[in-house]
Amino acid sequence: MDNQTKLIAASLSIYDENNHINDEATLNLWNKLVREGADGIFIGGSVGECFLLDDSERIHIFEEAARFVRSVDRPLDIYAHVGSLSTDGAIEMARAAKAAGITHIASTPPFYFSLSRKEVANYYYDLASAINDSILYYDIPSSTHIDLNTDDPDTQALLKSGAISAIKHTNLQSYRVNRIKSLNPNITIFGGFESRVIPMMEYHCNGFIGSTFNFMLPQYKKIIEVYNSPQSSKVYKLVQDTTAVLNVLLEVGLPAAIKYILTSRYGIQAGDVRRPLLPLTAESKKKIDDILDQKLFDVSQI
């Protein structure tokens with residue numbers, strides 16, 4: 001990977017009024033992200049409501065994403081998240097994504113069952129072996145309750161094996177980046193918490209995969225630019241402002257909040273979330289509007 005800090009947008013899954021995948025609105029979102037300079041799109045992650053989709057819907061979105069990337073006149077990385085409770089289920093999703101033409105395969109570790117670290121490692125070995133390619137390990141212990149413990153021998157062996165080529169580090173333990181790199185310097189590490197952009201940059205991460213990039217990509221591009229400039233001290237205020245927005249979205253419900261913003265501010269009919277996620281209340285929408293109306297971070301003024 002080159003020295004560029006890549007910004008990968010974690011795409012929403014958008015539904016129509018009948019709760020079916022809305023291809024037109026999805027393409028509108030992806031085209032917006034490309035215009036704004038996204039280096040890639042992460043399909044079927046957390047704000048993509050991954051585990052609320054059935055298998056055919058997940059595969060359909062993979063196929064649409066593969067067709068989309070072929071229409072873009074510049075390099076664009078597409079990551080397909082194929083996580084499943086079962087190894088066989090993840091393999092089926094991964095093979096479908098590969099058949100569609102998607103290069104990068106990502107997966108959370110299987111959750112619910114109290115898996116040993118050896119069992120988690122073997123999930124990734126099996127998945128990588130089945131598609132004859134390496135995997136992005138989606139480390140999000142707040143959701144999976146499985147920690148990527150770099151002191152564990154089975155985890156160390158996994159990281160050294162070549163089965164893992166990248167990590168989405170949605171983990172507050174930023175210091176582990178150095179430990180991962182010491183075990184395997186070839187692993188690409190993406191930050192997964194936008195609020196942790198400064199410490200992750202300090203640890204020389206390769207980029208970020210972010211849900212708020214759906215509407216704040218220009219702001220984060222500016223953050224990276226300022227961080228790498230002689231005016232780097234200004235980056236703290238910029239991150240403070242974007243984090244103020246993020247905190248409101250987390251308070252009211254992140255996927256629903258981003259869908260509301262895309263619909264109300266960008267004209268992309270992003271619809272509602274799926275149950276058991278709840279739609280926004282009028283009060284929640286007002287909180288979002290109030291924080292956005294403050295224009296805390298207007299890139300046109302920088």
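All values below come from the heavy atoms of this structure, side chains included, with hydrogens, waters and symmetry mates left out.
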### Query
Can you list every pair that meets ring pair (Phe, Tyr, Trp, His ring centres under 6.0 Å) and has a residue in residues 57-76, with sequence neighbours left out?
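Of all non-adjacent pairs touching residues 57-76, those that pass ring pair (Phe, Tyr, Trp, His ring centres under 6.0 Å) are Trp30-Phe68.
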
### Task
Kindly state each residue pair satisfying ring pair (Phe, Tyr, Trp, His ring centres under 6.0 Å) with at least one member in residues 231-285, sequence neighbours excluded.
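Listed once each, the pairs would be none.
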
### Task
Kindly state each residue pair satisfying salt bridge (charged side-chain N to carboxylate O under 4.0 Å, His left out) with at least one member in residues 103-126, sequence neighbours excluded.
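Only Lys118-Asp154 qualify under salt bridge (charged side-chain N to carboxylate O under 4.0 Å, His left out).
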
### Query
Restricting to pairs with a member in residues 165-189, which pass salt bridge (charged side-chain N to carboxylate O under 4.0 Å, His left out), not counting sequence neighbours?
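For residues 165-189: Asp147-Arg176.
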
### Message
Between Phe111 and Phe51 (judged by ring centroids, cut-off 6.0 Å), do the two rings come close enough to count as a pair?
### Response
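Here the rings of Phe51 and Phe111 have centres that are less than 6.0 Å from each other.
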
### Message
I'd like to know whether Leu127 forms a side-chain contact (heavy atoms from CB on, under 4.5 Å) with Thr87, so could you lay out the CA-CA distance, the side-chain angles of the two residues, the decisive distance to 0.1 Å, and finally the verdict.
### Response
CA-CA 7 Å; Leu127 184 53; Thr87 299; 5.7 Å; no

Contact summary for [X] and [Y], nearest pair of heavy atoms:
X: Thr5; Y: Gly207; result: CG2-CA, 3.8 Å
X: Leu262; Y: Ala270; result: CB-CB, 4.2 Å
X: Gly44; Y: Cys50; result: O-CB, 2.8 Å
X: Met200; Y: Val177; result: CE-CG2, 3.6 Å

Using modelled atom types only, decide if a donor and an acceptor are shared between the side chain of [X] and the backbone of [Y] within a distance under 3.5 Å.
X: Gln294; Y: Ile291; result: no
X: Asn18; Y: His20; result: no
X: Ser129; Y: Tyr125; result: no
X: Asn184; Y: Leu159; result: yes
X: Lys259; Y: Ser13; result: yes
X: Asn186; Y: Ser165; result: no
X: Arg274; Y: Asn19; result: yes
X: Asp39; Y: Ile8; result: no

### Message
Taking ring-ring contact (aromatic ring centres under 6.0 Å, His included) as the definition, give me every residue that meets it alongside Tyr124, ordered by chain and number, with sequence neighbours left out.
### Response
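Expected list: Tyr137.
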
Find the distance between [atom1] ([X]) and [atom2] ([Y]) and round it off to the nearest 0.5 Å.
X: Ile78; Y: Ser11; atom1: CD1; atom2: OG; result: 8.5 Å
X: Leu148; Y: Asn171; atom1: CG; atom2: CG; result: 7.5 Å
X: Leu280; Y: Ser264; atom1: CG; atom2: OG; result: 9.5 Å
X: Ile14; Y: Leu29; atom1: CD1; atom2: CG; result: 5.0 Å
X: Ile43; Y: Glu64; atom1: CD1; atom2: CD; result: 10.5 Å

Can you list everything that forms a salt bridge (charged side-chain N to carboxylate O under 4.0 Å, His left out) with [X]? Sequence neighbours excluded, please.
X: Glu36; answer: Lys32
X: Glu202; answer: none
X: Lys285; answer: none
X: Asp241; answer: Lys237

### Lys/Arg N to Asp/Glu carboxylate O, Asp293 vs Arg265, below 4.0 Å
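Yes.
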
### Query
Salt bridge or not for Glu225 and Lys222, using N-O below 4.0 Å?
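So Glu225 pairs with Lys222 through a salt bridge.
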
### Task
Among Gln269, Glu57, Glu49, find the residue that satisfies the side-chain hydrogen bond (donor to acceptor under 3.5 Å, both in side chains) test when tested with Tyr15.
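Only one of Gln269, Glu57, Glu49 forms a side-chain hydrogen bond (donor to acceptor under 3.5 Å, both in side chains) with Tyr15, namely Glu49.
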
Flag the pair [X] / [Y] as yes when at least one side-chain heavy-atom distance between them is below 4.5 Å, and no otherwise.
X: Thr242; Y: Leu246; answer: no
X: Ile258; Y: Leu12; answer: yes
X: Ser143; Y: Thr108; answer: no
X: Val245; Y: Thr212; answer: no
X: Thr170; Y: Phe193; answer: yes
X: Val248; Y: Asp290; answer: no
X: Leu53; Y: Ile21; answer: yes
X: Leu115; Y: Pro109; answer: no

### Query
Is there a path from Leu250 to Leu292 through hydrophobic residues (I, L, V, M, F, W, Y) whose side chains come within less than 4.5 Å of each other?
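Yes, it is one cluster - the side chains of Leu250 and Leu292 are joined through contacts under 4.5 Å.
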
Could you list the donor-acceptor pairs under 3.5 angstrom formed by side chains in residues 96-106, with sequence neighbours left out?
| from | atom 1 | to | atom 2 | distance (Å) |
| --- | --- | --- | --- | --- |
| Lys98 | NZ | Thr103 | O | 3.0 |
| Lys98 | NZ | Asp133 | OD2 | 2.5 |

### Message
Can you confirm whether the side chains of Ser86 and Asp88 place a donor and an acceptor under 3.5 Å from each other?
### Response
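Their side chains do not contain a donor-acceptor pair, so the 3.5 Å distance test is not met.
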
### Message
Does Asp151 have more than 12 heavy atoms from other residues, nucleotides or ligands lying within 6.0 Å of its CG?
### Response
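Yes, because the 6.0 Å sphere around CG of Asp151 holds more than 12 heavy atoms from other groups.
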
### Query
Can you list the steps and then say if Phe42 with Phe213 is a ring-ring contact (aromatic ring centres under 6.0 Å, His included)?
CA-CA 11 Å; Phe42 191 93; Phe213 297 171; over 10 Å; no

### Task
List for me each residue that meets side chain to side chain donor-acceptor pair (under 3.5 Å) alongside Thr144, sequence neighbours excluded, and say none if there are none.
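Here no residue qualifies.
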
### Message
Clusters formed by hydrophobic residues whose side-chain heavy atoms approach within less than 4.5 Å: which one holds Leu52, and what are its other members?
### Response
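Once heavy-atom contacts under 4.5 Å are chained together, Leu52 belongs with Val273, Leu277.
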
